[in-house]
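Comments concern the structure below.
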Amino acid sequence: MSRRASRIRARGLGTAVLVLAAVAWTTASRTDAAAVAAPRAPGAPHSAVDPGFTFAASRLGPATRRRVRGSSWHPGCPVALADLRLLRIGYWGFDGRPRVGRMIVAATAVTPVRRAFAELFRSRFPIRRMRLVDDYGASDYASIEADNTSAFNCRLATGSSRFSEHAYGRAVDVNPIENPYVYPSGATVHTASRPYLDRSRHRAGMAYHGGVLVRAFAAAGWPWGGDWRPPSATDYQHFSATGR
């Protein structure tokens, strides 16, 4: 083989190696919202390769407006569609994997909600799922049965003739099975929540004083429904801008 041919072959091999390296680096750099991450034992230090917190807020686009109109939003709601924001939020599932969920809140709630969920993500607090309540026909009951963390839903407060804070987009319910709505009688209507009526046992996903969930929302300035007492119900899942 001539020297010229050898040089050409060497250049070709070098180029191929560089291309393969670039492809491998690009593939390894991609982070899927549902990528597998090894569960971390309680109290263990965070890994340096933990994915970054995902958070994005946008106005409701045409598709989302069509989806919520007549479902979680309807004419007569106390907040206009233009004043709502669609959020994409990173969270850790109960399986120890990072995921990205969606919820809708008022524009005024974006900053405190971001602050709270950034802390929950940093602390690897587990959340069962996070989907728009419209995926459950805007049924609060069905969303709770699915243990769905959600926010905006233009509905009345439970047992009341006034709008819920969810109707204004300034309340979030987190892990509603682990954190039930408890009537003054001490009962809950969700069977899966009954083991969690005993709040003295602190289990994964629960809200309690001193726990990361309550601390995260308190730092964002949102009071906790777990502090409500009879004759009111106690709403362990509920955090809101107004405390109602």
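Numbering of residues begins at 1 and proceeds along the displayed sequence.
A salt bridge does not link D198 with R194: every distance from a Lys NZ or Arg NE/NH1/NH2 to an Asp or Glu carboxylate oxygen is 4.0 Å or more. Here R129 does not pair with D147 in a salt bridge; the nearest charged N to carboxylate O distance is not below 4.0 Å.
No donor-acceptor distance shorter than 3.5 angstrom exists from the side chain of R124 to the backbone of R122, with no hydrogens or angles considered. Using modelled atom types, one side-chain atom of T242 and one backbone atom of R244 make a donor-acceptor pair closer than 3.5 Å. Judged purely by atom type and a 3.5 angstrom limit, H166 has no side-chain atom pairing as donor or acceptor with the backbone of N153.
The two residues V214 and F239 make their nearest non-hydrogen contact at CA-CE2, 4.1 Å.
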Using the side-chain contact (heavy atoms from CB on, under 4.5 Å) rule, take R102 and R131 through it: C-alpha gap first, then chi angles, then the decisive distance, then the call.
CA-CA 5 Å; R102 299 197 305 162; R131 301 172 63 175; over 6 Å; no
Please determine whether side-chain contact (heavy atoms from CB on, under 4.5 Å) holds for the pair R170 and S240, giving the CA-CA distance in whole Å, both sets of side-chain angles, and the decisive distance to 0.1 Å.
CA-CA 6 Å; R170 55 195 187 200; S240 68; 5.8 Å; no
Residue pair H238, D173: steps toward the side chain to side chain donor-acceptor pair (under 3.5 Å) verdict:
CA-CA 5 Å; H238 185 84; D173 288 345; 3.2 Å; yes
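The aromatic ring centres of Y141 and H190 sit less than 6.0 Å apart.
Identified under the disulfide (SG to SG under 2.5 Å) test for residues 92-125, with sequence neighbours left out: none. Pairs of residues two or more places apart, or lying in two chains, never qualify as disulfide (SG to SG under 2.5 Å) while including a residue from residues 189-244. Within the structure, disulfide (SG to SG under 2.5 Å) pairs that include any residue of residues 209-244 do not occur (at least two apart or interchain).
Both tests pass for R128 against the ring of F94: distance under 6.0 Å to the centre and angle within 45° of the axis.
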For a quick test of your reading: what N or O donor-acceptor pairs under 3.5 Å do the side chains of residues 53-61 make, sequence neighbours left out?
unit_1, atom_1, unit_2, atom_2, d
R59, NH1, A82, O, 3.4

Under 3.5 Å, side-chain donor or acceptor atoms of residues 216-231 against the rest of the protein: list the pairs with distances, not counting sequence neighbours.
unit_1, atom_1, unit_2, atom_2, d
W224, NE1, Y236, O, 2.8
D227, OD1, H209, NE2, 2.7
W228, NE1, G243, O, 3.3
R229, NH1, G226, O, 2.7

Anything under 3.5 Å between a donor and an acceptor, one on a side chain of residues 72-79, the other on a protein residue two or more places apart or in another chain? List them.
unit_1, atom_1, unit_2, atom_2, d
S72, OG, D134, OD1, 2.9
S72, OG, D134, OD2, 3.2
W73, NE1, V79, O, 2.8

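V174 and I177 fall into different hydrophobic clusters, defined by Ile, Leu, Val, Met, Phe, Trp and Tyr side-chain heavy atoms under 4.5 Å apart, directly or through other members.
A distance of 10.5 Å separates CD of E178 from CG of L213, quoted to the nearest 0.5 Å.
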